[in-house]
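A short write-up of the structure that comes next.
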Amino acid sequence: MSAPLFLVEALPTGDTLTLDGPEGHHAATVQRLRVGEELLLADGRGGTAAAVVTAVGRGTLDLAVTSRGYVDASVPRLVVVQGIAKGDRGELAVQAMTEVGVDEIVPWAASRSVVQWRGDRGVRAREKWAATAREAAKQARRAWLPIVAGTPDESTPTVALRIAGAAAAFVLHEEAEERLASAELPETGEIVLLVGPEGGIAPAELSAFREAGARTVRLGPSVLRTSTAGVAALSVLAARLGRW
């Protein structure tokens with residue numbers, strides 16, 4: 001089994017480090033790492049460090065750094081505009097998409113979203129998505145932490161502007177004729193995937209996205225839930241781009 005990964009604000013510049021705070025508590029108290037065990041540190045921006053535990057305290061670990069590394073950011077970037085969903089479906093989508101390699105998630109306030117993020121509720125909801133992405137990145141041993149955009153969400157006009165600046169943009173739509181598995185992909189820049197909420201994408205939104213340069217595509221004969229469509233599409237792209 002690979003060594004567990006813990007996210008830190010900054011990697012140690014020296015040969016030793018005391019891992020404390022929430023990550024130290026999780027490592028020492030929850031995972032119960034012991035002297036001699038190995039772990040990975042990552043700053044969420046590509047930097048990594050391998051370390052071995054030299055001492056265990058109450059919610060802390062003393063570490064000796066054994067090696068350092070850097071993982072280049074993936075090109076092209078994979079961005080998913082995720083229609084806000086009700087219940088825990090949005091968090092399930094964020095978790096799975098992070099595990100398969102999404103680079104950025106954009107919470108989208110679609111007109112047919114049952115749940116609308118407003119005021120403090122919206123801020124808390126976005127923070128929950130960010131926390132979910134962080135934990136999923138650790139589980140997947142990712143050196144890069146996905147960005148969760150929005151303040152707390154993005155409007156349709158803002159999403160259209162994002163599409164206009166992308167190298168390619170695809171709207172997942174069950175009535176599309178083109179398949180994502182055969183669509184032409186750019187070698188650089190940003191690929192934007194749009195996933196609608198439970199009620200789907202409204203005609204006005206679809207028109208706005210098409211005018212901005214997006215193409216409608218489908219994955220296959222099945223109509224997927226909003227919580228699974230994004231991860232399925234990312235899986236197709238990951239295989240086609242050589243990430244997998």
Side-chain angles (χ1 to χ4, degrees), residues 77-98 100-133 136 146-180 183 190-220 222-237:
R77 294 184 77 245
L78 298 180
V79 178
V80 175
V81 176
Q82 175 68 53
I84 295 171
K86 65 182 179 181
D88 63 352
R89 291 179 182 175
E91 292 155 40
L92 290 173
V94 169
Q95 176 181 328
M97 291 190 297
T98 299
V100 300
V102 72
D103 296 302
E104 184 173 352
I105 301 167
V106 180
W108 169 37
S111 63
R112 292 179 176 174
S113 290
V114 176
V115 176
Q116 298 293 324
W117 288 2
R118 295 291 182 268
D120 290 344
R121 177 185 181 181
V123 173
R124 290 194 300 270
R126 183 199 169 278
E127 289 175 348
K128 200 164 187 178
W129 278 28
T132 299
I147 296 170
V148 178
T151 53
D153 53 22
E154 299 286 10
S155 66
T156 295
T158 303
V159 171
L161 288 174
R162 185 69 178 266
I163 290 170
F170 303 103
V171 180
L172 301 182
H173 199 280
E174 66 270 19
E175 296 180 2
E177 295 183 2
E178 184 178 13
R179 291 180 179 269
L180 182 60
E190 189 171 274
I191 297 176
V192 176
L193 287 168
L194 291 102
V195 181
E198 293 94 332
I201 299 174
E205 294 169 334
L206 189 58
S207 295
F209 296 156
R210 281 175 169 161
E211 289 176 5
R215 308 204 306 268
T216 56
V217 295
R218 65 185 303 160
L219 294 171
S222 301
V223 177
L224 303 183
R225 291 178 180 269
T226 187
S227 57
T228 55
V231 68
L234 285 169
S235 299
V236 171
L237 293 180

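Summarising the local packing, CZ of Arg121 is surrounded by 12 or fewer heavy atoms from other residues, nucleotides or ligands at distances under 6.0 Å.
In this structure, Leu237 CG and Leu78 CG are separated by 6.0 Å, a value rounded to the nearest 0.5 Å. Residue Trp117 holds its CH2 atom at 4.5 Å from CD1 of Ile84, rounded to the nearest 0.5 Å. Rounded to the nearest 0.5 angstrom, His173 NE2 and Arg218 CZ are separated by 10.5 Å. Distance CD1/Ile163 to CZ/Arg210: 11.5 Å, rounded to 0.5 Å. Between atom CZ of residue Phe170 and atom OG1 of residue Thr216 there is a gap of 10.5 Å, rounded to the nearest 0.5 Å. Note that CD of Glu198 and CZ of Arg112 are 12.5 Å apart. Values are rounded to the nearest 0.5 Å.
Within the 4.5 Å cutoff, the side chain of Arg225 has no heavy atoms near those of the Val195 side chain. At least one side-chain heavy atom of Val217 sits less than 4.5 Å from a side-chain heavy atom of Leu172. The side-chain heavy atoms of Trp108 and Ile201, taken from C-beta on, include a pair separated by under 4.5 Å. Using a 4.5 Å heavy-atom cutoff, the side chains of Val79 and Arg162 are in contact. Two residues are said to be in side-chain contact when any heavy atoms from C-beta on lie closer than 4.5 Å; Val81 and Glu154 fail this criterion.
Using a distance-only test at 3.5 Å, with no hydrogens or angles considered, a donor-acceptor pair links the side chain of Arg126 to the main chain of Ala149. Distance alone, capped at 3.5 Å, places no donor-acceptor pair between the Glu205 side chain and the Ala110 backbone.
Between Ala214 and Val171 the shortest heavy-atom distance is CB-CG2, 3.8 Å. The nearest pair of heavy atoms linking Pro197 to Ser113 is CB-OG, 3.6 Å. What you find for Ala202 and Ser111 is that their closest heavy atoms are CB-OG, 3.4 Å. Residue Leu219 comes nearest to Ala232 through the heavy atom pair CD1-CB, 3.8 Å, listed as atom of the first residue, atom of the second, then distance. Thr156 and Ala109 get closest at one heavy-atom pair: OG1-O, 4.4 Å.
Screening residues 77-98 for side chain to side chain donor-acceptor pair (under 3.5 Å), with sequence neighbours left out, gives Arg77-Glu104, Arg77-Glu190, Gln82-Thr226.
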